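If you're wondering where the values come from, they're calculated on a predicted model, not measured in any experiment. Basis for what follows: all heavy atoms, side chains included, without hydrogens, waters or symmetry-related copies.
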Amino acid sequence: MTGRGPKQWRTRARQPGARGFQTLAAVVEGDGPNQVALAGYLRIDRTVMTYLLDDLVAAGLVERRLDPADRRRRKIVATRQGVETLHDLQRQVRAAEDELLSVIDEDEREVFRALLARLARTVAEGEPGGASCDIGADSCDAAVSPERGPD
């Protein structure tokens, strides 16, 4: 390990921000989704998606193009710069992951990544047991509640 900590990793991989990175990846890997479909797929509020796409358009990473099937809609399409930026960011993220996970061998990394992917799919498919944010808030509230007795 080179001694760089999490702050450097966040700075290195943060160019369009986490949601921008996620959105750019979905656009590049998708088939020109419209804004509403993209917001639904990524589970991002439609209003937030509008501002997010405005930023990506201003950065030259995506374009809004008329949908030939429905002229009232616009497809979100990655520019060449957007594709190149995504690939560069993916390399940076992979390098940061490799550095962070350097304490475990490659087989363990693959198992770790597979488990994280499975957890993410499970949460995305319906968040069993309730919304993760609500669960976290309930756990924190219970931990600091003066009425709560010892376990």
Looking only at atom types and distance, does a side-chain atom of R71 sit under 3.5 Å from a main-chain N or O of L66, one as donor and one as acceptor?
no
Looking at K75 and P68, what are the two nearest heavy atoms and their distance?
CD-CD, 4.3 Å
Is there a chain of hydrophobic side chains (I, L, V, M, F, W, Y, each step under 4.5 Å between heavy atoms) that links V83 to L61?
yes
In the structure I gave you, are the side-chain heavy atoms of Q90 and V93 within less than 4.5 Å of one another anywhere?
no
Assigning hydrophobic clusters by single linkage (Ile, Leu, Val, Met, Phe, Trp, Tyr; side-chain heavy-atom cutoff under 4.5 Å), is L116 placed with L101?
yes
Are L42 and L56 linked, directly or through intermediate hydrophobic residues, by side-chain heavy-atom contacts shorter than 4.5 Å (ILVMFWY only)?
yes
Could you walk me through whether E63 and V57 pass the side-chain contact (heavy atoms from CB on, under 4.5 Å) test, one step at a time?
CA-CA 6 Å; E63 297 175 344; V57 167; 5.9 Å; no
Close side-chain approach of L53 and L38, heavy atoms under 4.5 Å
yes
Derivation and outcome, side-chain contact (heavy atoms from CB on, under 4.5 Å), residues D98 and R109
CA-CA 9 Å; D98 288 344; R109 291 180 199 186; 3.6 Å; yes
When rounded to the nearest 0.5 Å, the distance separating OH of Y51 from CD1 of I44 is 15.0 Å
Give the other cluster members for V111, using side-chain heavy-atom distances under 4.5 Å between Ile, Leu, Val, Met, Phe, Trp and Tyr residues; answer none if it is isolated.
L115
Within the distance-only criterion (no hydrogens, no angle test), does the side chain of T85 pair as donor or acceptor with the backbone N or O of G82 below 3.5 angstrom?
no
What residues, two or more places apart in sequence or in another chain, satisfy side chain to side chain donor-acceptor pair (under 3.5 Å) together with R64?
Q35, D54
If you define the side chain from C-beta out and look only at heavy atoms, does anything of E106 sit under 4.5 Å from E110?
yes
Ionic contact status for R113 with E97, cut-off 4.0 Å
yes
Quick check for you: to the nearest 0.5 Å, what is the distance between D88 atom CG and Q81 atom CD?
11.0 Å
Is Y41 reachable from V48 through a run of I, L, V, M, F, W or Y residues, each pair having side-chain heavy atoms under 4.5 Å apart?
yes
Determine all donor-acceptor pairs shorter than 3.5 Å in which one atom belongs to a side chain in residues 19-34; sequence neighbours excluded.
unit_1, atom_1, unit_2, atom_2, d
T23, OG1, R19, O, 2.7
N34, OD1, V36, N, 3.0
N34, OD1, A37, N, 2.7

Is the number of heavy atoms from other residues, nucleotides or ligands within 6.0 Å of CZ (R46) greater than 12?
no
